[in-house]
Amino acid sequence: MDRVQSTTPQQSAVPRGADRPAPSAGGTGPDGGPGSRRAAAQRLQMRQDLATAAMDLFASQGYEETTVDQIAAAAGVARRTFFRYFRSKEEAIFPDHDDTLVRVADLLASAEPEEHPLDVVCRGIKEVLRMYASTPGVSVARYQLIRQVPALREREIAVVARYERLFTRYLLGRFDTGEEIPSGWQRGGEDDSMLAEVSAAAVVAAHNHVLRRWLRAGGRGDVEAQLDHSFEVIRRTFWASNAPGARRRGSLVAPGASGAPGEVLAESALSASPGGEVLITVARTDAPLDVVVDSIRAALSGSRPA
């Protein structure tokens, strides 16, 4: 396998230019200026060109049979240029993840403190999904190739683990912050770290499940809607109670809610005490909802409805 040894982290492998002439940048400019934006666009384009060349060669002649020299030649650059952008040929299959990881990290860092932390993580993983969904044909071809090459599957697992670690650190940070935290977010003591790790893993696993199903279907269907449904399942399973004073994006969750109009209950049946009794109630499907609720309240209080 074509590799070069490096003692620096992946993020430090910043492209320094290409062997083929680049258009005049018109001045470098400060960070965020026209010159730096143009240079960033050129670097991104080079990464995409190398990734496309690698995918084409892997598909036509096989992964093991393809060398870095062949990939570089197909992209019109020298071998050393390839290694300015990727450390090995399997990295060329995942050209977008570094930028997406930075984008997700920025999203987590800029989230409002009032927003429920699990909602923030769900928004973060949706950025990863959109990366795949933006080029369905490429994503499907890459998925088919990864299934055939163990080395690429291992690389994909390593890439996914980076998102999971990022989400776990974010959730742990929300628990460990010195600022006042609504009690519904902090489950107490030793369970905090467990909840953070399990929640991060669940969100990533749900994304992977939905993504694989979409890829096996040829990239067809509303994949974001499918992911949103999986998020709701995770919320009900791991975060049964809403945080008092916490805001779901676009809506307010009132503290001390009692079930009155405009409020939501702070606890759900999933978070009830394990020592409580079980209540079974039967109602006609055409019964008014307020009558059904009154019957349940009466049963819980031990009285009969008026």
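Side chains are part of it too, since the values below use all heavy atoms of this structure and drop only hydrogens, waters and symmetry mates.
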### Heavy-atom neighbours of Arg130 CZ exceed 12 at 6.0 Å
yes
- [ ] Please assess Val77 against Met46 for the test side-chain contact (heavy atoms from CB on, under 4.5 Å), listing each intermediate value before the final yes or no.
- [x] CA-CA 9 Å; Val77 298; Met46 175 57 70; 3.6 Å; yes
Over all heavy atoms of both residues, which pair between [X] and [Y] is shortest? Give the atoms and the distance, please.
{"X": "Leu107", "Y": "Val120", "value": "CD2-O, 3.8 Å"}
{"X": "Tyr170", "Y": "Ala111", "value": "OH-CB, 4.1 Å"}
{"X": "Thr66", "Y": "Gly62", "value": "OG1-O, 2.7 Å"}
{"X": "Ser193", "Y": "Leu172", "value": "CA-CD2, 3.6 Å"}
{"X": "Gly124", "Y": "Phe167", "value": "C-CZ, 3.9 Å"}
{"X": "Leu171", "Y": "Ser199", "value": "CD1-CB, 3.9 Å"}

Distance col, row Tyr143:OH vs Ile93:CD1, nearest 0.5 angstrom, shows 15.0 Å
Here the gap from Leu118 atom CG to Arg174 atom CZ, rounded to the nearest 0.5 Å, amounts to 11.0 Å
Between [X] and [Y], is there a donor-acceptor pair closer than 3.5 Å when you use the side chain of the first and the backbone of the second?
{"X": "Arg216", "Y": "Val140", "result": "no"}
{"X": "Arg153", "Y": "Arg147", "result": "yes"}
{"X": "Trp214", "Y": "Val223", "result": "no"}

Donor on one side chain, acceptor on other, [X] and [Y], under 3.5 Å:
{"X": "Glu91", "Y": "Tyr85", "value": "no"}
{"X": "Asp49", "Y": "Gln45", "value": "yes"}
{"X": "Gln70", "Y": "Glu65", "value": "no"}
{"X": "His207", "Y": "Tyr163", "value": "no"}
{"X": "Glu197", "Y": "Thr168", "value": "no"}

Would you call [X] and [Y] a side-chain contact if the rule is heavy atoms closer than 4.5 Å?
{"X": "Asp98", "Y": "Arg162", "result": "yes"}
{"X": "Tyr132", "Y": "Thr100", "result": "no"}
{"X": "Ser139", "Y": "Leu215", "result": "yes"}

Under-4.0 Å salt bridge between [X] and [Y]:
{"X": "Glu127", "Y": "Arg103", "result": "yes"}
{"X": "Arg235", "Y": "Asp119", "result": "yes"}
{"X": "Asp99", "Y": "Arg47", "result": "no"}

Could you walk me through whether Glu224 and Asp222 satisfy the side-chain contact (heavy atoms from CB on, under 4.5 Å) test, starting with their C-alpha distance in whole Å, then the side-chain angles of each, then the deciding distance to 0.1 Å, before giving a yes or no?
CA-CA 6 Å; Glu224 285 199 31; Asp222 190 346; 4.0 Å; yes
Give the C-alpha distance, both sets of side-chain angles, the deciding distance and a yes or no for side-chain contact (heavy atoms from CB on, under 4.5 Å) between Ile125 and Phe231.
CA-CA 10 Å; Ile125 199 66; Phe231 291 160; 3.4 Å; yes
**Message:** Determine whether Arg155 and Val160 satisfy the following criterion, side-chain contact (heavy atoms from CB on, under 4.5 Å), listing intermediate values before the conclusion.
**Reply:** CA-CA 9 Å; Arg155 178 64 191 170; Val160 170; over 6 Å; no
Below 3.5 Å, can you tabulate the donor-acceptor pairs from side chains in residues 51-60 to any protein atom, sequence neighbours excluded?
residue	atom	partner	partner atom	Å
Thr52	OG1	Gln48	O	2.9
Ser60	OG	Asp56	O	3.0
Ser60	OG	Leu57	O	3.3

Test of understanding: clusters of I, L, V, M, F, W, Y form through side-chain heavy atoms closer than 4.5 Å, transitively. Do [X] and [Y] belong to the same one?
{"X": "Met131", "Y": "Leu108", "value": "yes"}
{"X": "Val210", "Y": "Ile157", "value": "no"}
{"X": "Ile71", "Y": "Phe94", "value": "yes"}
{"X": "Val138", "Y": "Val128", "value": "no"}

Between Gln148 and Tyr63, does the side-chain hydrogen bond (donor to acceptor under 3.5 Å, both in side chains) criterion hold? Intermediate values first, please.
CA-CA 9 Å; Gln148 302 169 8; Tyr63 172 78; over 6 Å; no
- prompt: Looking at Phe82, does the NZ or CZ of Lys89 lie under 6.0 angstrom from its six-membered ring centre and within 45 degrees of the ring axis?
  reply: no
